[in-house]
Amino acid sequence: MSDNDTTIPARRRFLVQGAAAAVGAVAGTARAEETTPPGIPDWMKVPGADTGSQPYGTPSRFEAGIIRNVPKGLKQSISASTRTPLQELDGILTPNGLFYERHHGGIPDIDPARHRLMIHGLVERPLVLTMEDIRRFPSESHIHFLECSGNPGFEAIKGKTASDLVGLVSCAEWTGVRLATVLREAGLKPEAKWVVAEGADAAAMTRSIPIEKCLDDALLVYSQNGERLRPQQGYPLRVFLPGFEGNMSVKWLRRLNVSAEPAYSREETAKYTDLMPDGTARQFTFVMEAKSIITRPSGTQRIGPGFHEITGIAWTGRGRIRAVRVTTDGGKSWREAALQEPVLNRALTRFRLPWTWDGQPTTIASRAIDETGYVQPSFEDLTAARGLKSFYHNNAVVPWRIAADGEVANGYA
């Protein structure tokens with residue numbers, strides 16, 4: 001059987017062609033002869049760096065370009081965001097150094113020994129807790145995504161990369177105390193319906209949380225991916241609300257005011273409401289609906305004809321992802337992708353689909369379906385219901401256009 005025999009499975013042909021290319025490279029350059037087995041590369045000829053030369057480890061210098069995406073042309077940087085480079089990552093967990101940021105009054109430098117959490121209002125026993133007090137409560141660790149509700153805005157769909165478009169989402173293992181545990185310690189009064197959370201940043205970020213969420217899966221978080229929260233993520237303490245819009249997971253948490261009514265703060269009136277076509281606004285739309293994006297191949301990348309693995313991430317604030325369907329022909333047909341196990345509650349889910357590109361221009365996209373049966377909408381269907389005046393909660397399908405030369409570009413453009 002020859003290497004060109006079309007009966008060879010696509011994956012094997014890909015490996016055979018790759019091996020042939022490697023042999024060609026070895027024959028073609030002296031440098032390749034030095035580094036390709038059986039050649040001996042330079043880094044095998046001398047000892048490497050000393051053990052402990054990096055007391056806090058950092059990525060390889062060859063990965064120095066994988067950094068947060070800081071938008072160019074920011075009007076100011078105190079109230080702004082940076083995005084996770086989704087197209088550069090594998091799996092579902094986001095490294096702490098690449099986790100997206102959104103700040104409204106800069107990043108405070110807080111001494112944990114001086115930080116306090118006050119719980120007051122409609123409680124039997126008002127509390128003022130130190131960080132040591134909080135760590136004495138039983139702890140839990142859970143993997144969840146966190147997403148800004150403006151990811152992206154309805155008029156902000158012209159980005160080049162996956163990060164440009166939906167980079168305001170990340171996923172981590174969060175460790176802390178159930179908010180319900182601490183509220184029980186304080187003793188809720190019967191009329192308690194909301195908990196108003198306030199941060200210790202210069203903006204005094206304030207959001208109202210329904211008591212049902214507080215008594216469900218809400219956490220008081222002090223660690224992320226096994227280490228203490230970083231200042232950008234709310235060190236030393238933040239409230240974390242799985243599946244709810246990121247703005248509600250108040251960072252640098254200093255106060256929980258238990259009340260009968262929401263605060264109607266700036267962040268839930270002038271901001272973080274959804275403008276509708278008739279001029280009204282939806283308020284308290286907390287849950288992030290099902291969403292997905294292909295991260296490889298994606299914008300600014302280039303592919304060649306032959307075998308490729310299409311991969312990306314999907315998530316939903318309503319539980320688990322049940323399925324992800326992928327189109328490679330501009331929506332004429334959809335195939336079900338494989339989901340990477342375990343598929344976790346309110347966490348990023350990695351999906352994969354084998355695909356052989358024939359070299360013809362096409363459009364690829366993914367569509368998530370969550371365990372409630374909700375199907376991620378197209379941009380056309382979403383805007384037909386919501387209009388274009390809104391900014392938040394755009395969870396539309398993201399298309400990527402592949403040109404004849406293999407260049408991948410934003411399918412919205």
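For this chain, numbers begin at 1 and follow the sequence in order.
Of the candidates T372, N345, D370, D370 is the only one forming a side chain to side chain donor-acceptor pair (under 3.5 Å) with T316.
Between V258 and L188 there is a side-chain heavy-atom pair separated by less than 4.5 Å. Residues V177 and Y222 have side chains in contact (heavy-atom distance under 4.5 Å, counting atoms from C-beta outward). With a 4.5 Å cut-off on side-chain heavy atoms, H120 and R255 count as touching. Counting heavy atoms from C-beta outward, K160 and N410 have side chains that stay 4.5 Å or more apart. Side-chain contact between L183 and I119 is present, with heavy atoms from C-beta onward closer than 4.5 Å.
Using a 30° and 60° split on the angle between ring planes, F99 and W174 fall in the perpendicular class, above 60°. Between W194 and F286, the ring planes are perpendicular. Angles over 60° get that label, and only those under 30° would be called parallel.
No more than 12 heavy-atom neighbours from other residues, nucleotides or ligands sit within 6.0 angstrom of CZ on R136. The local environment of CZ in R350 is crowded, with over 12 non-hydrogen atoms from other residues, nucleotides or ligands closer than 6.0 Å. Within a 6.0 Å radius of CG in D109, other residues, nucleotides and ligands contribute 12 heavy atoms or fewer. By the 6.0 Å contact criterion, CZ on R352 is enclosed, its count of non-hydrogen atoms from other residues, nucleotides or ligands being greater than 12. Around the CD atom of E155, the shell of radius 6.0 Å holds no more than 12 heavy atoms that belong to other residues, nucleotides or ligands. Counted within 6.0 Å of CD1 on I78, heavy atoms from surrounding residues, nucleotides or ligands total 12 or fewer; the atom is thus considered open.
Minimum heavy-atom separation, T295 to G312: OG1-CA, 3.5 Å. Residues S292 and Q376 come closest through the heavy atom pair OG-OE1, 2.8 Å.
Atoms OG1 and CG, on T175 and L229 in that order, are 9.0 Å from each other to the nearest 0.5 Å. To the nearest 0.5 Å, atoms CD1 (I402) and CH2 (W357) are separated by 6.5 Å. Note: I294 CD1 to R296 CZ = 11.5 Å, rounded to the nearest 0.5 Å.
Judged purely by distance below 3.5 Å, without hydrogens or angles, the side chains of Q283 and T273 never pair a donor atom with an acceptor atom. Between the side chains of N394 and N151, no donor-acceptor pair is found at a separation under 3.5 Å.
Taking 4.0 Å as the cut-off between side-chain N and carboxylate O, K193 and E261 do not count as a salt-bridged pair. The pair E198-R207 does not count as a salt bridge, with every side-chain nitrogen at least 4.0 angstrom from each carboxylate oxygen. R178 has no carboxylate O lying under 4.0 Å from a charged side-chain N of D217, or vice versa, which leaves the two without a salt bridge. Ion pairing between a basic and an acidic side chain is recognised when a charged N comes within 4.0 Å of a carboxylate O; E124 and K189 show no such pairing.
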(message) Would R125 and E185 count as a salt bridge (Lys or Arg N to Asp or Glu O under 4.0 Å) here? Give the steps.
(response) CA-CA 8 Å; R125 297 172 295 278; E185 184 75 8; over 6 Å; no
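A ring-centre distance under 6.0 Å is not found for F391 and F154.
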